[in-house]
Amino acid sequence: MTQTLLKLSSTCQSCAFFNDYTDERGRGWCRAFEQPARRHHRRTPECALVTQQSLKTVRVELYTKAVEDDGFGYPVVVDSQVIELTVPQITTEAIEVALHSLFDLSEWVIGCCWEPELESNF
């Protein structure tokens, strides 16, 4: 399952690449262009082009917090799944933000993350 989580925004404030300084003048930093920006700045065609090219794909393995006994006294995870996400950067914070819109993470634990293009096929 592939989820594109970068929403097309009309201003910098709602862009996933905008790091808001939360000051009274609306200042922040645009990670797409690596320059200062403001919350009220309008999205441009260049923004759309750069942000779409800057997206990263990551696979995330999730485990349920629910466990059951394996018959020998050891806990075994009840369920797990691997999903594919598209995020602006591969960080724990970005992945958690993306997952919060898809899952109730109170029931799941992130096991591991990796970039699909780094997988090797034998």
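Positions are given from 1 along the sequence. As the structure is a prediction and not an experimental result, all values here were calculated from the model.
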Can you get from [X] to [Y] by hopping between Ile, Leu, Val, Met, Phe, Trp and Tyr side chains that sit under 4.5 Å apart?
{"X": "I110", "Y": "I90", "answer": "yes"}
{"X": "W29", "Y": "F17", "answer": "no"}
{"X": "L102", "Y": "L105", "answer": "yes"}
{"X": "I95", "Y": "V109", "answer": "no"}

Legend entry - Donor-acceptor pair between T44 and E46 side chains, under 3.5 angstrom: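 Yes, E46 and T44 have a side-chain donor paired with an acceptor closer than 3.5 Å.
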
Legend entry - Side chains of S106 and D104, donor plus acceptor under 3.5 Å: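 A donor-acceptor contact under 3.5 Å links the two side chains.
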
[atom1] of [X] to [atom2] of [Y]: how many Å apart, nearest 0.5 Å?
{"X": "W108", "Y": "D79", "atom1": "CH2", "atom2": "CG", "result": "4.5 Å"}
{"X": "H41", "Y": "S10", "atom1": "NE2", "atom2": "OG", "result": "13.5 Å"}
{"X": "C12", "Y": "R38", "atom1": "SG", "atom2": "CZ", "result": "11.0 Å"}
{"X": "C113", "Y": "L99", "atom1": "SG", "atom2": "CG", "result": "7.5 Å"}
{"X": "D20", "Y": "Q13", "atom1": "CG", "atom2": "CD", "result": "6.5 Å"}
{"X": "C47", "Y": "F33", "atom1": "SG", "atom2": "CZ", "result": "4.5 Å"}

Do [X] and [Y] have side-chain heavy atoms sitting under 4.5 Å apart?
{"X": "E115", "Y": "T57", "result": "no"}
{"X": "V60", "Y": "L85", "result": "yes"}
{"X": "V76", "Y": "V67", "result": "no"}
{"X": "T86", "Y": "K56", "result": "no"}

What are the two closest heavy atoms between [X] and [Y], and how far apart are they?
{"X": "R27", "Y": "R25", "result": "NH1-NH2, 2.7 Å"}
{"X": "R31", "Y": "N19", "result": "NH1-CB, 3.8 Å"}
{"X": "F18", "Y": "G26", "result": "CZ-O, 4.3 Å"}

Legend entry - Side chain R39, main chain T11, donor-acceptor under 3.5 Å: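 Absent.
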
Inset, instruction - Kindly determine whether V82 and W114 satisfy side chain to side chain contact (heavy atoms under 4.5 Å, CB included), including the steps that lead there. - result: CA-CA 11 Å; V82 174; W114 68 95; 3.8 Å; yes

Legend entry - Pair K65 + E107, salt bridge at N-O below 4.0 Å: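 No, no charged N to carboxylate O under 4.0 Å.
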
Inset, instruction - Using a cut-off of 6.0 Å, state whether more than 12 heavy atoms not belonging to Q35 lie near its atom CD. - result: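 Result for CD/Q35: enclosed.
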
Inset, instruction - Please list, chain by chain and in numerical order, all residues satisfying side chain to side chain donor-acceptor pair (under 3.5 Å) with E61, sequence neighbours excluded. - result: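 E61: side chain to side chain donor-acceptor pair (under 3.5 Å) contacts with Y63.
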
